[in-house]
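First up is the structure itself, then whatever we jot down about it.
Any value given below was found using the heavy atoms of this structure, including those in side chains, with hydrogens, waters and symmetry copies removed. Here, residue 1 is the first one in the sequence, and each next residue gets the next number.
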Amino acid sequence: MLNIIIFGPPGSGKGTQSAKIVENYNLIHISTGDLMREEIANDTALGREVKKYIDKGMLVPDEIIMRELYEKASKHLDAPGLIFDGFPRTIVQAEMLDQMLEEHDMPIDVVLSVDVNEEELFKRLMGRGEDSGRSDDKTDIIWRRIEVYKEQTMPLIDFYKKQGKIVSINGMSPVDQVFGKIIKAVDTYLETREIIPAIE
Ligand code: AMP
């Protein structure tokens, strides 16, 4: 089994790269953002609840995210592997994920941290807002999401560094070049079980 976390600020290209990784390594894609947007699109009670947070650029409470995550992940425990995209976003979520995976003897193998500077993130998200139709791709909300990332999610870099699982990927290049770096990181891991700490 190959379990990957793809990690990075909003606009770093996590979703785009996840789709390519899924295809290349035949993994199941688990995006908590997509799960939330599906609930909103179906206008469920949960969708209406989480929309309040998402539209403000805030994180959805851990209990809700974990419940949805368990439900989705438990259907795919026999898959060749999982890629978690936009999850975990807090230390609590990361600890609960470790616990869940440990119980099933299927630890996280590699954590890909895609690095993009703030100016570029903002440019990309503003551009995306014009055609994504996402209610949270608006100027003030974009800044809030980047702040929330720095405050609540960045501490996870140290969490996974301590576990020796982080690969920092320079995400400032075109999509295919970033994907090439990801392939290098994951293939090296598969061949040698070694983590390359950073790829420029
Ligand atoms: P994303 O598509 O990953 O950028 O997620 C969009 C929004 O959904 C985020 O800004 C959060 O409000 C919410 N969300 C997605 N994943 C999580 C998570 N793991 N924890 C808390 N909130 C989340």
Side-chain angles (χ1 to χ4, degrees), residues 1-10 12-39 46 50 59-115 149 152-171 178-199:
M1 206 168 178
L2 172 66
N3 293 319
I4 296 179
I5 293 175
I6 185 159
F7 178 88
S12 57
K14 293 189 300 287
T16 307
Q17 296 297 338
S18 295
K20 291 168 121 8
I21 296 169
V22 161
E23 203 180 319
N24 202 69
Y25 297 101
N26 194 22
L27 307 180
I28 297 287
H29 183 213
I30 300 189
S31 153
T32 40
D34 284 353
L35 291 175
M36 297 299 114
R37 281 185 288 277
E38 208 177 295
E39 294 290 332
L46 178 67
V50 300
L59 294 186
V60 172
D62 289 333
E63 312 80 76
I64 298 181
I65 292 290
M66 290 313 300
R67 201 177 56 221
E68 294 304 299
L69 190 275
Y70 284 139
E71 196 186 311
K72 172 85 180 176
S74 61
K75 291 181 193 147
H76 298 290
L77 296 177
D78 55 353
L82 308 174
I83 175 160
F84 296 95
D85 162 14
F87 174 89
R89 261 178 159 98
T90 63
I91 295 282
V92 170
Q93 292 178 15
E95 286 171 347
M96 293 179 88
L97 176 67
D98 272 357
Q99 203 179 343
M100 177 187 94
L101 295 178
E102 224 168 81
E103 278 165 20
H104 294 92
D105 198 20
M106 44 182 270
I108 292 294
D109 294 293
V110 182
V111 180
L112 302 166
S113 169
V114 185
D115 304 330
Y149 171 80
Q152 303 191 50
T153 307
M154 267 182 61
L156 288 179
I157 294 182
D158 268 348
F159 181 91
Y160 287 113
K161 258 192 192 153
K162 283 193 191 121
Q163 296 190 2
K165 292 180 179 169
I166 282 262
V167 185
S168 292
I169 305 268
N170 180 342
V178 175
F179 186 55
K181 299 175 201 183
I182 290 177
I183 294 273
K184 182 173 168 195
V186 176
D187 283 356
T188 301
Y189 173 80
L190 288 173
E191 283 159 22
T192 65
R193 297 281 139 180
E194 274 180 26
I195 298 286
I196 307 175
I199 304 184

- prompt: Can you find a pair of side-chain heavy atoms, one from K181 and one from V167, that are under 4.5 Å apart?
  reply: no
- prompt: Can you check whether I91 reaches E95 side chain to side chain, under 4.5 Å on heavy atoms?
  reply: yes
- prompt: Distance from I108 atom CD1 to Q163 atom CD, nearest 0.5 Å?
  reply: 8.5 Å
task: Not counting sequence neighbours, which residues clear side chain to side chain donor-acceptor pair (under 3.5 Å) with N26? List them please.
output: none
- line: Only one of V114, I157, L112, I169 passes side-chain contact (heavy atoms from CB on, under 4.5 Å) with F7, and that residue is I157
task: Apply side-chain contact (heavy atoms from CB on, under 4.5 Å) to A79 and list each qualifying residue two or more places apart in sequence or on a separate chain.
output: I28, H76, L82
task: Measure the spacing between CD1 of I183 and CD of Q17 and express it to the nearest 0.5 Å.
output: 9.5 Å
query: Partners of V50 by side-chain contact (heavy atoms from CB on, under 4.5 Å), sequence neighbours excluded?
result: M36, I40, L46, I54, V60, I64
message: Quick check: do D115 and S113 have side-chain heavy atoms less than 4.5 Å from each other?
response: yes
- line: Distance col, row S168:OG vs I196:CD1, nearest 0.5 angstrom, shows 11.5 Å
message: In the structure I gave you, are the side-chain heavy atoms of Q93 and M66 within less than 4.5 Å of one another anywhere?
response: yes
- request: With the side chain counted from C-beta on, respond yes when Y160 and P88 share a heavy-atom pair under 4.5 Å apart, and no when they do not.
  value: yes
query: For L2 and V186, what are the C-alpha separation, side-chain angles and deciding distance, and is it a side chain to side chain contact (heavy atoms under 4.5 Å, CB included)?
result: CA-CA 9 Å; L2 172 66; V186 176; 4.0 Å; yes
- prompt: Are side-chain heavy atoms of L97 and I5 found at a separation under 4.5 Å?
  reply: yes
Any residue meeting side-chain contact (heavy atoms from CB on, under 4.5 Å) with S74, in chain and number order, not counting sequence neighbours: none
field: Listed partners of K20 passing salt bridge (charged side-chain N to carboxylate O under 4.0 Å, His left out), at least two apart
entry: D176
message: Measuring only between side-chain heavy atoms, which start at C-beta, is E71 closer than 4.5 Å to K75?
response: yes
message: If the condition is salt bridge (charged side-chain N to carboxylate O under 4.0 Å, His left out), which residues does D158 pass it with, not counting sequence neighbours?
response: none
query: If you draw a 6.0 Å radius around CD in E103, do more than 12 non-hydrogen atoms from other residues or ligands fall strictly inside?
result: yes
statement: The side-chain contact (heavy atoms from CB on, under 4.5 Å) partner of F84 among I6, I30, V111, I4 is I30
Any side-chain heavy-atom pair of S31 and F87 under 4.5 Å: no
field: Distance (rounded to the nearest 0.5 Å) between T32 OG1 and I65 CD1
entry: 5.0 Å
